[in-house]
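First up is the structure itself, then whatever we jot down about it.
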Amino acid sequence: MARHPEWFERLDAIQEVLRRAEGEWLGRKEIKAIFGCSERDSIRLLHKFGAEERDNALSLPQAALRVQLEAIQAGSTYAAFLRQRQGVARHLAVAREENAARQFRVNSVAEPRPRRFQDLPETVTLQRAVPEGLGRFEIRYADGADLMRQLASFLAVSGANREEFFAATEPSDASAR
């Protein structure tokens, strides 16, 4: 992943400041303020953008900087920066959604959590596959919290009793023929 200048993130704001800026020439103090960088970086930027020595100091015509920044914004390097930034934003959005899903807490009910399939409430049913069709899993629930509670119970029992779960979900011998 290519490293892009920090100021790429603020390029639109930088160009807006330049549009409103007064004066024809920009020195290190102006560049430092516009780009939000250190004094050393402002000197580097002046050199990068082709500043010339004027009155014993580096100066850059404002119009020349605007033209160069517009060219950068229209170029492939900046486009790659935007794609990378959008990709990172998408990954962050997915990570936030996954994290939120992991953080979902079901209000516990006073009842103890079932430990075996037989202990699941009657509202949870699991039927083995039969020759004429597929198996069936059903949960009848009162509201979203009730559904989440019952799903959590079912998953806990299934995880604790894996062999029993897989045995109950495999097609019966009659359906294998």
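Every heavy atom of this structure was used, including side-chain atoms; hydrogens, water molecules and symmetry mates were not.
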For [X], is the [atom1] atom crowded, meaning more than 12 foreign heavy atoms sit under 6.0 Å from it?
X      : atom1 : value
Arg162 : CZ    : no
Glu6   : CD    : no
Glu24  : CD    : no

On a heavy-atom basis, which atom in [X] and which in [Y] lie closest, and how many Å separate them?
X      : Y      : result
Gln150 : Pro121 : OE1-CG, 4.0 Å
Gln73  : Tyr78  : O-CD2, 3.4 Å
Arg140 : Glu122 : NH2-O, 3.3 Å
Phe49  : Gln68  : O-NE2, 2.8 Å
Trp7   : Leu45  : NE1-CD2, 3.6 Å
Ile139 : Tyr141 : O-CD2, 3.7 Å

Would His4 and Gln84 count as a side chain to side chain contact (heavy atoms under 4.5 Å, CB included) here? Give the steps. CA-CA 10 Å; His4 303 286; Gln84 177 185 352; 3.1 Å; yes
How long is the span from the [atom1] atom in [X] to the [atom2] atom in [Y], to the nearest 0.5 Å?
X      : Y      : atom1 : atom2 : value
Thr125 : Phe117 : OG1   : CZ    : 12.5 Å
Arg66  : Ile14  : CZ    : CD1   : 14.0 Å
Ile72  : Leu65  : CD1   : CG    : 8.0 Å
Arg85  : Glu9   : CZ    : CD    : 5.5 Å
Ile34  : Leu26  : CD1   : CG    : 5.0 Å
Gln118 : Asn161 : CD    : CG    : 8.0 Å

If hydrophobic clusters are built from ILVMFWY residues whose side chains come within less than 4.5 Å, do [X] and [Y] share one?
X      : Y      : value
Phe8   : Val88  : no
Leu151 : Val124 : yes
Leu82  : Leu92  : no
Val17  : Leu11  : yes
Leu126 : Leu147 : yes

I'd like to know if the side chain of Gln15 reaches the main chain of Asp12, judged simply by a donor and an acceptor atom lying under 3.5 Å from each other, with no hydrogens or angles considered.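 Side chain of Gln15 to backbone of Asp12, a donor-acceptor pair under 3.5 Å: no, none is there.
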Tell me if a side-chain donor or acceptor on Ser158 pairs with a main-chain N or O of Leu155 at a distance below 3.5 Å.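 Side chain of Ser158 to backbone of Leu155: no pair is present.
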Just to verify, which of Glu98, Arg96, Arg90 counts as forming a side chain to side chain contact (heavy atoms under 4.5 Å, CB included) with Val94?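 In the set Glu98, Arg96, Arg90, the residue that makes a side chain to side chain contact (heavy atoms under 4.5 Å, CB included) with Val94 is Glu98.
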Kindly indicate whether the side chain of Arg28, heavy atoms from C-beta on, has any atom under 4.5 Å from the side chain of Leu58.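 The answer is no; the side chains never approach within 4.5 Å.
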